[in-house]
Amino acid sequence: MHPFFKGFVFAFQGMRTLLKEERNARFHAFVTLLLLPLACYYPISQVEWLFVILCIGLVFSAEAFNSALERLANRIQADYDPLIGQAKDLAAAAVLIVSIASAAIGLIIFTPHFLHTLGL
């Protein structure tokens, strides 16, 4: 197999590992599966679609980086180390930050549609 295509194989293995072994990634996948039908149902603009897709990508990317860092840290140092603990906490904070920002963007995009549906 050409090395270029091997990269895709490894990337898809990583996605499978992320979804199989990371509870938070499965939660994000669940939210994504709820969100995409809403985005199809409501008439969101192309720019809003761009934000939705970007947020989904950022959340999953942050989750993958966080998981990778945790695995590397656990491999390097099995015993508790305060600096490794801080590094893992910072990576988790990155996921939280992008998740909160994505939720805020989702509320900005979808709240007017929900209110209109409710007749408000």
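Along the sequence shown, the residues carry numbers beginning at 1.
Using a 4.5 Å heavy-atom cutoff, the side chains of Gln77 and Asp79 are in contact. The shortest distance between side-chain heavy atoms of Leu34 and Leu38 does not fall below 4.5 Å. Within the 4.5 Å cutoff, the side chain of Asp81 has no heavy atoms near those of the Ile76 side chain. In this structure, the side chains of Leu35 and Ile56 come closer than 4.5 Å at one or more pairs of heavy atoms.
Within 6.0 Å of OH on Tyr80 lie more than 12 heavy atoms contributed by other residues, nucleotides or ligands. Environment of CZ in Phe51: sparse, with no more than 12 heavy atoms of neighbouring residues, nucleotides or ligands closer than 6.0 Å. Shown here is Phe114, whose CZ atom has more than 12 heavy atoms of other residues, nucleotides or ligands within 6.0 Å.
Taking the six-membered ring where tryptophan is involved, the planes of Phe5 and His2 are perpendicular, since the angle between them exceeds 60° and thus also 30°.
Using a 4.5 Å cut-off between side-chain heavy atoms of Ile, Leu, Val, Met, Phe, Trp and Tyr, with links allowed through other members, Phe110 and Trp49 fall into the same hydrophobic cluster. There is no path of hydrophobic side-chain contacts, each under 4.5 Å, that joins Met15 to Leu58. Hydrophobic clustering, with ILVMFWY side chains joined whenever heavy atoms are under 4.5 angstrom apart, groups Val47 together with Ile44. Placement of Ile84 and Leu72 in two distinct hydrophobic clusters is found when ILVMFWY residues are connected by side-chain heavy-atom separations under 4.5 Å, directly or transitively. Under the 4.5 Å side-chain heavy-atom criterion for ILVMFWY residues, a single connected hydrophobic cluster contains both Val52 and Tyr42.
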Start with the C-alpha gap between Arg71 and Glu22, add the side-chain angles, then the distance that decides, and say whether salt bridge (charged side-chain N to carboxylate O under 4.0 Å, His left out) holds. CA-CA 11 Å; Arg71 281 173 170 70; Glu22 296 298 326; 2.8 Å; yes

Using the side-chain contact (heavy atoms from CB on, under 4.5 Å) rule, take Gln86 and Leu83 through it: C-alpha gap first, then chi angles, then the decisive distance, then the call. CA-CA 5 Å; Gln86 288 177 358; Leu83 288 177; 3.7 Å; yes

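Across all their heavy atoms, Ser67 and Leu18 have their closest contact at OG-CD1, 3.8 Å. Nearest heavy atoms, Ser99 versus His28: OG-CE1, 3.4 Å. The nearest pair of heavy atoms linking Pro37 to Thr32 is CD-O, 4.5 Å. Smallest separation of non-hydrogen atoms from Val98 and Ala62: CG1-CB, 3.7 Å. Residues Phe60 and Ala25 approach most closely at CE2-O, 3.7 Å, considering heavy atoms.
The distance from atom CG of Leu96 to atom CG of Leu90, rounded to the nearest 0.5 Å, is 12.0 Å. Here CG of Leu19 is found 10.0 Å from CD of Glu63. Values are rounded to the nearest 0.5 Å. Rounded to the nearest 0.5 Å, atoms CG (Leu69) and CG (Asn74) are 9.0 Å apart. With rounding to the nearest 0.5 Å, the separation of CG in Leu118 from NE2 in His113 is 13.0 Å.
No hydrogens or angles considered: nothing links the side chains of Asn66 and Lys88 as a donor-acceptor pair under 3.5 Å.
Listed for the Glu48 side chain is a donor-acceptor partner under 3.5 Å among the backbone atoms of Ser45.
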